[in-house]
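Below is one structure, written out as structure tokens, with a few remarks after it.
Since the model is a prediction, treat every value here as computed from it, not as a measurement.
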Amino acid sequence: MKKKSKKCSEAPTCSVDYAFRRIGGKYKGRILWALHENNMLRYGELGRNLSDITTKMLTQTLREMEKDNLINRKVYHQVPPKVEYSLSEIGKELIPFISYLKEWGDKKMGRS
């Protein structure tokens, strides 16, 4: 008997699904917030800001965010290589929502 394999749809099913596919996950919101607070961060600085992220996951997440036009990546061709990350205009549009989530989280955690 042959098993039918389910395929996940790559197309978002609604606008909420679209939004959460772009900013969902454990690190994307935190990266956006770190870039908001610092304007620009280098790769190593981002890694220090998110101490629980692996190098592989940080690289993968930054690539996804760059592909989704949430962040800008500026490469300086020098030795050692220097790469800077900043919020794109689209990424900046998300900051008020992340700020609201931060306030809500602070309140629920008793930090307000």
Side-chain angles (χ1 to χ4, degrees):
M1 184 172 210
K2 208 175 196 182
K3 280 188 177 181
K4 288 185 179 180
S5 64
K6 285 187 178 180
K7 283 191 175 184
C8 291
S9 172
E10 291 299 317
T13 58
C14 66
S15 54
V16 173
D17 182 35
Y18 175 85
F20 275 100
R21 285 184 187 212
R22 298 306 168 281
I23 63 164
K26 188 173 179 179
Y27 303 108
K28 289 182 181 179
R30 291 167 57 194
I31 290 171
L32 290 168
W33 191 253
L35 291 172
H36 164 69
E37 288 186 321
N38 297 283
N39 292 322
M40 182 278 305
L41 289 170
R42 292 177 65 182
Y43 182 87
E45 293 169 324
L46 276 167
R48 285 188 290 279
N49 267 281
L50 289 85
S51 58
D52 61 334
I53 194 169
T54 64
T55 303
K56 178 183 176 190
M57 184 54 86
L58 179 57
T59 300
Q60 179 181 326
T61 305
L62 289 170
R63 284 182 183 155
E64 288 173 8
M65 293 175 75
E66 185 182 8
K67 182 181 140 219
D68 290 334
N69 296 315
L70 297 176
I71 60 171
N72 298 315
R73 180 177 184 259
K74 185 172 182 179
V75 179
Y76 295 89
H77 298 287
Q78 63 185 46
V79 177
K82 178 179 173 182
V83 180
E84 295 177 341
Y85 295 92
S86 60
L87 288 176
S88 68
E89 290 304 312
I90 294 171
K92 288 176 185 176
E93 291 176 18
L94 295 169
I95 295 305
F97 304 103
I98 296 169
S99 179
Y100 180 78
L101 287 171
K102 181 188 179 307
E103 290 172 21
W104 179 83
D106 287 345
K107 190 169 93 176
K108 295 301 177 188
M109 293 175 71
R111 295 182 183 172
S112 53

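In the hydrophobic clustering of ILVMFWY residues, with side-chain heavy atoms under 4.5 Å counting as a link, Ile90 and Leu32 come out together. A single hydrophobic cluster is seen to contain both Val83 and Leu41, as judged by linkage of ILVMFWY side chains at heavy-atom distances under 4.5 Å, directly or through other members.
Of all the heavy atoms in Tyr27 and Asp52, the pair that sits closest is OH-O, 3.4 Å. Minimum heavy-atom separation, Asn72 to Ser88: ND2-CA, 3.4 Å.
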**Request:** Take Tyr85 and Ile31, measure what side chain to side chain contact (heavy atoms under 4.5 Å, CB included) needs, and give me the verdict at the end.
**Result:** CA-CA 10 Å; Tyr85 295 92; Ile31 290 171; over 6 Å; no
**Message:** Set out, in order, the CA-CA distance, both residues' side-chain angles and the distance that settles side chain to side chain contact (heavy atoms under 4.5 Å, CB included) for Lys26 and Met57, then state yes or no.
**Reply:** CA-CA 10 Å; Lys26 188 173 179 179; Met57 184 54 86; over 6 Å; no
**Prompt:** What do the steps show when you test Leu94 against Ile23 for side chain to side chain contact (heavy atoms under 4.5 Å, CB included), and what is the final call?
**Reply:** CA-CA 9 Å; Leu94 295 169; Ile23 63 164; 3.4 Å; yes
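If you take NZ on Lys67 and CZ on Arg22, they are separated by 7.0 Å, rounding to the nearest 0.5 Å. With values rounded to the nearest 0.5 angstrom, Glu45 atom CD is found 8.0 Å from Asn49 atom CG. The distance from the CD1 atom of Ile71 to the CG atom of Leu46 is 7.5 Å, given to the nearest 0.5 Å. To the nearest 0.5 Å, atoms CZ (Arg21) and CG (Asp68) are separated by 11.0 Å. Here the CZ atom belonging to Arg42 is positioned 9.0 Å from the CZ atom belonging to Arg48, to the nearest 0.5 angstrom. Interatomic distance, Leu70 CG to Thr61 OG1, rounded to the nearest 0.5 Å: 11.5 Å.
The residues Glu66 and Arg63 are annotated as not salt-bridged, no charged nitrogen and carboxylate oxygen being separated by less than 4.0 angstrom.
Side chain of Ser99 to backbone of Ile95: no donor-acceptor contact under 3.5 angstrom is found.
Surrounding NZ of Lys74 are at most 12 heavy atoms belonging to other residues, nucleotides or ligands under 6.0 Å away.
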Under 3.5 Å, side-chain donor or acceptor atoms of residues 33-40 against the rest of the protein: list the pairs with distances, not counting sequence neighbours.
residue	atom	partner	partner atom	Å
Trp33	NE1	Glu37	OE2	3.0
Asn38	ND2	Ala34	O	2.7

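The hydrophobic cluster containing Phe20, built from Ile/Leu/Val/Met/Phe/Trp/Tyr side-chain heavy atoms closer than 4.5 Å, also comprises Val16.
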